[in-house]
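Order of the sequence lines sets the chain letters (A, B, ...), proteins ahead of strands, with each chain counted from 1. Values below: every heavy atom of this structure, side chains too, minus hydrogens, waters and symmetry copies.
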Amino acid sequence: MLRTVFSRALPGLSRLSVCHYSAAAIPAPNIQPEVHYNKLFINNQWQDAVSGKTFPTINPATGEVICQVAEADEADVDKAVKAAHNAFRLGSPWRRMDASHRGLLLNRLADAIERDSTYLAELETLDNGKPYAVAYTVDLPNVVKCLRYYAGWADKWEGKTIPIDGDYFCYTRHEPIGVCGQIIPWNFPLLMQAWKLGPALATGNTVVMKVAEQTPLTALYVASLIKEVGFPEGVVNILPGMGPSAGAAIAKHMDVDKVAFTGSTEVGHLIQQASGSSNLKKVTLELGGKSPNIILSDANMEDAVEQSHFALFFNQGQCCCAGSRTYVQADIYDEFVERSVERAKRRVVGNPFDLKTEQGPQVDQEQFNKILGYISSGKREGAKLMCGGGVAADRGYFIQPTVFGDVQDNMTIAREEIFGPVMQILKFKSLEEVVTRANDTKYGLAAAVFTKDIDKANYVSNGLRAGTVWINCYDVFGAQAPFGGYKASGNGRELGEYGLDNYTEVKTVTIKVPQKNS
Amino acid sequence: MCPEHVDNWFSCPLFISNEWHESCSGRKIPVYNPATGELLCEVEEADAEDVEKAVRSARAAFQMGSPWRSMDASDRGHLLNRLADLVERDRLLLATLEALDSGKVFLMAYFVDLMATIKTLRYYGGWADKIHGKTIPVDGEYFTYTRHEPIGVCGQIIPWNFPLMMFAWKIAPALCCGNTVVIKPAEQTPLSALHMAALIKEAGFPPGVVNVVPGYGQTAGCAISHHMDIDKVAFTGSTAVGKLIQKAAGDSNLKRVTLELGGKNPNIVFADCDLEYAVEQAHSGLFFNQGQCCLAGSRVFVEEPIYEEFVRRSVERARSKVLGNPLLPGVDQGPQIDQKQFNKIMELIESGKREGATLECGGSPWGQQGLFIQPTVFSNVTDDMRIAKEEIFGPVQQIMCFRSVHEVIQRANATHYGLAAGVFTNDIDKALTVSSALQAGMVWVNCYNAMSAQCPFGGFKMSGNGRELGEYALQEYTEVKAVTIKISQKNS
């Protein structure tokens with residue numbers, strides 16, 4: 001034998017074009033993926049809840065129960081925090097590990113997820129309702145990329161040596177904060193898990209993560225991979241549970257050093273208050289949005305219509321950054337609306353496991369009801385219902401792709417986050433006007449402008465008070481680029497190098513020296 | 001574990017544009033095993049014409065719109081990680097090749113050289129999509145940002161002392177930043193580089209991104225440093241040749257130059273150190289890799305109170321070294337790389353004897369065949385002796401005596417070199433004072449040769465310019481472009 005073979009043969013080099021799969025390249029999904037893990041994951045062990053309670057997780061395409069899942073409450077959060085605290089003690093395997101080795105473990109986790117991506121996409125579709133084709137070609141590859149990106153940062157997050165006045169040698173250490181509570185939503189379960197774990201683990205923290213009760217299954221499977229690839233016990237703990245019980249327990253826990261929350265602005269307020277009432281733990285929030293998507297008259301019409309459609313309807317409209325106020329310049333308004341309606345009518349709603357489906361069900365009954373309520377308000381308040389507006393199927397939580405025209409800024413559907421497949425199209429005349437109207441919201445997560453004019457593009461993108469501004473595109477994300485909100489859309493940034501700041505405590509060390517020299 | 005038994009070698013071609021080429025001249029380089037003197041095989045010898053082909057291939061791969069230029073940065077990183085995986089897969093084979101070709105101890109090749117190679121590739125794999133330009137608040141109605149672009153075609157000339165590791169140190173940051181490469185391995189040790197070429201192709205790097213052209217310095221190396229279409233040259237080797245490279249760049253197209261050259265590195269041992277530990281560190285600091293390290297701690301300054309004891313223990317340690325076939329376990333010193341080096345080292349040893357240093361042990365060749373030299377220790381060395389001033393690059397340790405901190409700092413810095421230094425003391429003030437005062441690119445406190453992919457490496461003064469490894473290396477492979485766009489109204 002001339003060569004020593006290592007077992008990790010990576011599955012092919014098609015990764016290089018991973019986001020360009022055609023439908024033909026997507027393997028036919030198993031529509032009944034088995035659930036292997038449905039308990040709490042604490043200290044690398046699977047445990048029942050202290051109370052013994054469980055809750056059902058539902059398949060939103062059918063309304064049926066998939067399985068029962070252990071339900072974490074305060075007592076379980078306590079156990080998890082103790083485990084995370086212990087894994088973080090000075091001298092622990094995690095604290096003593098080479099930073100590059102933390103990166104290696106994150107890379108191995110990415111490899112394992114890639115290996116099991118077919119199964120994970122199936123499970124994600126079953127639990128969340130998003131089309132399998134999207135879970136497989138968008139969610140899973142972006143999970144892998146995010147983890148690989150942060151794996152690369154682990155040994156590159158550098159402090160500084162600093163020339164202060166006086167006979168001193170001064171430097172900073174970039175230390176992990178400690179035990180990080182992470183509360184994630186149901187709209188991109190795996191991706192949100194990766195966005196949270198990547199920077200936290202790269203910088204050396206330990207984690208207590210509460211996953212959304214609507215979609216706990218894929219995160220729990222990833223927990224098994226975390227153990228498989230070799231993260232020490234207690235470094236990552238994952239708890240399925242409810243917000244008001246387990247989530248609240250994390251937010252107010254005296255031994256959690258930081259909490260990161262992605263979800264509604266309403267709950268974001270509660271998290272911030274809980275921090276103030278407890279131990280002033282550091283808080284980062286990624287909340288809702290009512291993002292303006294501005295189409296100028298010189299935009300490429302076809303492109304703008306398609307992108308705007310995607311900007312709203314992607315993921316069943318369940319995106320914090322959905323382009324839910326489409327401002328169209330007066331002289332192209334009529335044509336834009338007509339084309340948008342035609343596109344919405346063509347949107348294929350159906351069984352998420354069918355590879356032709358573009359839109360699956362909403363995630364649960366509560367969201368379903370809320371969206372239908374907003375649609376009613378739109379009709380009631382005088383917006384023009386151009387298409388859709390009702391339920392799309394007999395079972396499951398399917399809603400027709402809906403378009404409202406002639407929307408005014410003061411209508412409920414123009415001010416409140418709907419989080420569903422409901423598009424609002426508004427008319428504007430001038431740039432100054434539209435920037436003012438676009439900014440007239442408590443939110444500030446994202447925005448976009450479609451134009452060919454270099455000056456207009458600069459003016460509008462500089463003027464919009466939003467954390468991400470897209471120009472001639474929408475929903476373009478990269479693990480390398482920071483994402484987060486102005487105003488009530490949150491604080492702090494995730495992704496990119498900026499994402500590391502939120503998981504770092506800077507320690508300045510100043511040493512007296514006999515004589516400093518430059 | 002046993003190194004692979006390798007036979008059936010044939011002539012290894014040049015690697016240009018992901019293809020294997022014979023040399024234009026038809027000439028070949030004989031490759032020898034320095035432990036036995038046997039001919040291992042031949043490789044095609046690159047000369048100016050082959051360098052020209054390689055540069056054209058690298059230039060084509062660097063064109064706007066090429067697969068390499070239009071690739072996601074994260075994918076460049078991914079390819080580097082893939083290459084690391086392949087090196088890991090072929091670790092045994094590469095370590096064997098390296099030991100056969102360079103004479104280094106196989107276990108060192110396997111555990112040190114191969115590990116460093118893999119880690120360096122992975123480290124730079126991680127940087128690829130984290131190279132950030134800036135947006136900059138200039139005065140006036142402008143939007144200004146910088147792009148951190150690759151420089152272009154990079155010529156890289158590497159030495160024979162750590163053939164594979166030097167190959168990784170060069171290509172990793174260059175590729176991470178998006179450059180294309182023409183790399184000339186040393187004529188003494190081309191084999192591991194040629195295997196890497198095969199892995200580079202297997203990993204999926206587009207053709208022309210890396211071209212491997214073994215050849216001689218005066219021909220192929222000179223062609224690279226003078227080439228009008230090479231944008232940057234990186235050289236590791238002797239200070240004498242470093243000067244030629246710098247001149248060639250000035251003479252041709254002012255290509256960017258980074259140099260990693262020689263050293264005569266001071267290793268300063270204070271009386272309050274852990275003596276046994278310091279002796280061991282000073283020993284390995286000199287004798288590692290048969291003394292063939294630019295970093296070798298070749299001037300050991302020992303504080304007077306512990307001088308005698310330090311010398312005694314160092315001699316005992318040197319005498320315990322086992323020389324022999326580097327492929328065998330239990331051997332801890334192999335042969336010197338070639339006859340030329342062997343002669344140079346022996347000549348310097350003779351000068352030490354002649355100039356009055358005390359030869360404590362060694363001082364002669366060893367063995368019936370191959371280019372082995374006994375571990376040699378000189379004491380009572382004074383600063384004006386040739387063995388105290390010139391880089392020996394062999395298993396010859398100089399131990400000098402000093403009395404005060406001020407004196408030793410002055411003597412340590414009294415050299416044109418400035419690559420590395422060591423300080424052994426338990427006193428925090430001494431450690432910080434001495435490390436600040438030493439004119440060296442790397443200072444080790446209570447350790448020696450502690451290196452890692454994250455930490456920058458390079459020399460002050462005539463030990464070179466520029467830094468390799470760490471984030472700092474990225475600067476050397478980046479060209480900054482500032483773009484300023486007029487806008488109708490700037491707002492903060």
Side-chain angles (χ1 to χ4, degrees), chain A residues 1-10 12-13 15-19 98-101 103-104 106-107 110-111 144-145 148-158 167-169 202 431 453-459 461-463 478-481 496-498 511-518, chain B residues 1 4-6 67 71-75 77-82 84-86 88-96 119 122-132 141-143 202-204 405 428-433 435-437 452-455 470-471 485-492:
Chain A
M1 181 186 77
L2 193 56
R3 290 166 189 273
T4 304
V5 175
F6 283 70
S7 58
R8 265 192 312 113
L10 296 168
L13 300 173
R15 179 179 306 109
L16 285 176
S17 56
V18 77
C19 285
D98 284 340
S100 60
H101 198 80
L104 194 69
L106 278 166
N107 259 317
D111 290 342
V144 171
K145 283 184 167 195
R148 289 198 202 290
Y149 177 78
Y150 280 107
W153 266 123
D155 60 353
K156 300 174 182 59
W157 185 224
E158 298 162 346
D167 285 320
Y168 300 104
F169 167 45
L431 278 192
D453 186 297
I454 196 177
D455 264 348
K456 286 178 190 160
N458 258 310
Y459 174 78
S461 57
N462 286 1
Q480 308 89 353
E497 181 177 8
Y498 297 79
I511 308 177
K512 176 98 186 68
V513 296
Q515 186 196 86
K516 77 112 176 284
N517 280 267
S518 66
Chain B
M1 106 204 14
E4 298 274 338
H5 180 65
V6 182
M71 192 182 280
D72 285 341
S74 58
D75 280 336
H78 199 79
L79 285 174
L80 280 166
N81 262 309
R82 176 88 180 114
D85 292 338
L86 294 175
E88 209 165 15
R89 180 194 70 190
D90 291 356
R91 188 172 180 174
L92 197 54
L93 174 67
L94 279 162
T96 307
K119 285 189 165 184
R122 292 205 195 286
Y123 178 78
Y124 284 105
W127 264 123
D129 61 353
K130 301 172 179 63
I131 298 169
H132 300 148
E141 309 286 14
Y142 301 104
F143 167 47
E202 186 182 343
V405 173
I428 194 175
D429 277 345
K430 260 184 222 155
L432 291 174
T433 298
S435 56
S436 297
S452 192
Q454 307 87 358
C455 178
E471 184 177 0
I485 306 178
K486 176 98 186 67
I487 57 178
S488 50
Q489 186 194 98
K490 80 109 173 284
N491 278 269
S492 68

Trainee: Identify, with sequence neighbours excluded, every residue that meets side chain to side chain contact (heavy atoms under 4.5 Å, CB included) alongside A/Glu497.
Mentor: A/Trp153, A/Trp157, A/Leu500, B/His132
Trainee: Side chain, backbone, both or neither: which part of B/Leu86 has a non-hydrogen atom closer than 4.5 Å to chain A?
Mentor: neither
Trainee: For B/Leu432, which atoms come within 4.5 Å of any heavy atom of chain A: side chain, backbone, both, or neither?
Mentor: side chain
Trainee: Specify which of B/Ser452, B/Ser488, B/Ser74 makes the most heavy-atom pairs with chain A at under 4.5 Å.
Mentor: B/Ser488
Trainee: May I ask you to check if A/Lys516 and A/Phe169 form a cation-pi contact, with NZ or CZ under 6.0 angstrom from the six-membered ring centre and within 45° of the axis?
Mentor: no
Trainee: Please list, chain by chain and in numerical order, all residues satisfying side chain to side chain contact (heavy atoms under 4.5 Å, CB included) with A/Ala99, sequence neighbours excluded.
Mentor: A/Arg102, A/Asp155
Trainee: At a 4.5 Å cut-off on heavy atoms, which part of B/Thr433 comes close to chain A: side chain, backbone, both, or neither?
Mentor: side chain
Trainee: Should the heavy atoms of other residues, nucleotides or ligands under 6.0 Å from NZ of A/Lys156 be counted, would the total exceed 12?
Mentor: yes
